[in-house]
Amino acid sequence: MFDIQLIIREKERVLAAMRKRNFADINLVDKALELHEKRRRLITEAETLRAEQNRRSKEMPQVTKNGPPEEKRALQEELKVLAEKVKSFQPLVRAIEEELAAVLLAIPNMLPDDAPEGGEDNAVFIKEWGKKPDFSFAPREHDDLCMRLFDFARGATLAGSRFAVLWGPLATLERALISFMLDIHTRERGYTEVLPPFLVNRATMTATGQLPKFEEDLFRTNDDLFLIPTAEVPLTNLHRGEILSEEMLPLAYCAYTPCFRREAGNYGKDTKGYIRQHQFNKIELVKFTRPEDSETELLKLLDDAEEILRRLGLPYRVVRLAAQDQGFSSAKTYDIEVWLPGQGRYREISSCSTFTDYQARRGDIRFKRKGAKATEFVHTLNGSGLAVGRTLIAILENYQRADGSVTIPPALRPYTGGWEKIEPT
RNA sequence: GGAGAGAUGUCCGAGUGGUCGAAGGAGCUUGACUCGAAAUCAAGUGUGCCCCGUUCGGGGUACCUAGGGUUCGAAUCCCUAUCUCUCCUCCA
């Protein structure tokens with residue numbers, strides 16, 4: 001929910017941010033102002049009448065007890081008319097408020113002034129880590145290795161395109177990665193592990209920003225529940241409608257969940273291999289912070305995600321997304337991109353963002369400072385820590401050997417029953 | 001799936017048609033006491049919106065799970081939904 005007050009106070013800045021995002025419906029801002037003004041006028045009028053009704057109504061017990069019956073009847077008649085009038089405002093006000101809410105829900109989050117201009121190609125390089133492996137042979141792509149263990153044909157039989165079955169060592173490797181990542185985040189990085197529902201309702205999807213605008217990206221059930229596209233959704237909604245106390249903050253949660261995405265609009269993109277699936281596993285990190293802490297907490301969260309790649313010895317770089325490439329609800333996003341030698345390029349493996357108070361506003365997630373009277377919205381942050389399937393791909397491609405076998409990174413071996421490699425298939 | 005009970009403020013909990021934004025308690029804040037803490041005592045302590053004055057208040061309005069309804073008037077009565085609990089049924 002965009003803050004109408006911000007529009008009133010700083011319309012030009014809001015518009016500038018929307019233009020920077022290359023957001024089409026810029027007229028939403030004027031629409032919001034207009035509706036807000038209309039609503040104010042209506043409310044003022046309706047509440048004046050209502051006050052009159054309440055005032056007169058208070059006379060009723062007195063009149064009933066002591067007054068003559070005619071006086072009571074007269075008062076009743078009068079109040080009936082007033083009540084009708086007051087009630088006639090209800091549908092008008094509600095219609096306007098619904099319209100205004102719809103408009104405010106459709107406006108993307110504000111951007112910080114230093115948000116980089118441009119789109120996908122304008123991401124700003126932040127840093128890189130690790131040494132790209134040197135191969136004495138032409139490195140293969142992940143699905144070219146372990147060919148029999150990635151079973152896209154049977155995935156298609158069972159469900160359709162963009163579904164896969166993993167066999168044997170790959171299934172184990174995926175499971176090992178999940179435990180490995182969760183252990184690091186919970187034991188070393190202070191996150192509380194959560195196992196949330198994988199299906200959520202409309203209100204939950206609306207708070208984090210997937211609804212109402214992006215329904216076509218989601219899988220929906222007959223019961224009007226949605227399969228989560230990321231654990232960000234249930235984790236961020238954990239405190240929806242709550243007032244947290246300042247001492248609780250920052251809160252840090254992590255969760256393993258499968259993620260389900262329609263991938264609408266990605267036809268023909270990454271159709272080969274395990275890169276882009278309708279269902280994939282992800283470890284997600286979510287934080288709730290005071291507004292003044294969100295910047296530093298974002299950097300910490302980013303480092304928590306990077307740590308997984310460092311432990312696994314996978315080379316990566318970090319970029320800051322340009323305005324047009326950023327998510328609708330996000331104010332600032334860092335992507336971690338892992339090196340994939342088979343593809344010969346970096347691919348996104350984690351996206352770490354601050355949503356400032358945008359999701360908190362939509363989900364009514366507030367906190368109260370010690371000693372303060374007023375409540376404030378928290379800031380919410382999240383990032384992948386990491387996308388499991390893509391980590392598996394990165395291991396295969398970076399640790400492949402000439403004979404088609406794959407070395408298991410040492411840090412992971414306690415989780416794979418001590419295996420040191422996956423044999424070629 | 002069947003039968004019944006319930007949902008009140010940060011928490012616990014009273015309230016069954018008007019004087020209820022809501023008793024009481026806990027918590028929290030401030031003050032007193034104290035070298036300090038604890039204990040004790042006193043005062044204060046929900047949120048959104050609208051209007052007016054605009055350090056900071058004042059007035060109004062709405063909110064007692066949500067949405068409808070009855071009524072001049074609803075936390076209180078009726079209907080629906082959601083959730084929780086108990087019993088039965090079923091189930092990994």
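In this text the structure is predicted, and so the values were computed from the model without any measurement. Below, read A as the first sequence line, B as the second, and so on, with proteins coming before strands; counting in each chain starts at 1.
At whole-Å resolution of the value, CD in E84(A) and P in C72(B) are 9 Å apart. Residue E97(A) contributes atom CD, which lies 12 Å from atom C1' of U61(B) at whole-angstrom precision. Following rounding to the nearest Å, Q53(A) (CD) and A62(B) (C1') show an atom-to-atom distance of 13 Å. Taking atom CD of residue E45(A) and atom C1' of nucleotide C49(B), one finds them 17 Å apart after rounding to whole Å. If you take CZ of R369(A) and P of U10(B), they are 19 Å apart, rounded to a whole angstrom. Going from atom CE of M60(A) over to atom C1' of G17(B) covers 13 Å, rounded to whole Å. When the P atom of A66(B) is taken as reference, atom CG of N201(A) falls 16 Å away, rounded to whole Å. If you take CG of L79(A) and C1' of C72(B), they are 5 Å apart, rounded to a whole angstrom.
A 4.5 Å side-chain heavy-atom check between Q53(A) and E78(A) finds every atom pair outside the cut-off. Within the 4.5 Å cutoff, the side chain of E376(A) has no heavy atoms near those of the R290(A) side chain. Between D303(A) and R310(A) the shortest side-chain heavy-atom distance falls below 4.5 Å.
When the side-chain nitrogen and oxygen atoms of R40(A) are compared with OP1 and OP2 of C51(B), one or more of them lie within a distance under 4.0 Å. Residue K58(A) places no side-chain N or O under 4.0 Å from the OP1 or OP2 atom of G18(B). Contact between the side-chain N/O atoms of H36(A) and the OP1/OP2 oxygens of C50(B) is found at a separation under 4.0 Å. When the side-chain nitrogen and oxygen atoms of R366(A) are compared with OP1 and OP2 of U47(B), none of them lie within a distance under 4.0 Å. OP1 or OP2 of G59(B) has not a single side-chain nitrogen or oxygen of R55(A) nearer than 4.0 Å. Phosphate contact (OP1/OP2 of U61(B), side-chain N/O of N54(A), threshold under 4.0 Å): present.
For the pair D25(A) and K213(A), the salt-bridge criterion is not met [side-chain N within less than 4.0 Å of a carboxylate O]. One finds a salt bridge joining K300(A) and E297(A) here, because a Lys/Arg side-chain nitrogen approaches an Asp/Glu carboxylate oxygen to under 4.0 Å. At a threshold of 4.0 Å, the pair R311(A)-D183(A) does not count as salt-bridged, since none of the basic side-chain nitrogens sits closer than that to a carboxylate oxygen.
Pairing for G6(B) is with C83(B), a Watson-Crick or G-U wobble pair whose two hydrogen-bonding atom distances lie under 3.5 Å. Using N1 to N3 plus N6-O4 or O6-N4 for Watson-Crick, or N1-O2 and O6-N3 for G-U wobble, each under 3.5 Å, U40(B) pairs with A32(B). A22(B) is unpaired under the criterion used here, namely a Watson-Crick or G-U wobble arrangement in which both key atom distances are under 3.5 Å. The pairing partner recorded for C49(B) is G60(B), the criterion being a Watson-Crick or G-U wobble arrangement whose two distances lie under 3.5 angstrom. Judged by Watson-Crick or G-U wobble contacts below 3.5 Å, the nucleotide U55(B) has no partner.
F163(A) and H278(A) have tilted rings, their planes meeting at an angle from 30° to 60° on a 0 to 90° scale.
Between C20(B) and G67(B), the two C1' atoms lie 23 Å apart (nearest whole Å). A75(B) and G46(B) have their C1' atoms separated by 16 Å, with the value rounded to a whole Å. Comparing the P positions of U82(B) and C63(B) gives an interatomic distance of 24 Å, to the nearest angstrom. Annotation: A7(B) and U16(B) have their C1' atoms spaced 16 Å apart (nearest Å).
Both A83(A) and Q90(A) sit near RNA chain B, but only Q90(A) has its closest nucleotide nearer the 5' end. Residue E37(A) is the one, among E37(A) and R50(A), whose nearest nucleotide of RNA chain B lies closer to the 5' end (criterion: closest heavy atom).
Contact annotation for T44(A): backbone-only contact, meaning every heavy-atom pair under 4.0 Å involves sugar-phosphate atoms and none involves a base. Residue contacts for L75(A): at a heavy-atom cut-off of 4.0 Å it reaches no nucleic acid atom on any strand shown.
The listed nucleotides are G73(B), A62(B), C49(B); the one nearest the side chain of S57(A) is G73(B). For A51(A), taking side-chain heavy atoms from C-beta onward, the closest of the listed nucleotides U71(B), C50(B), U61(B) is U61(B).
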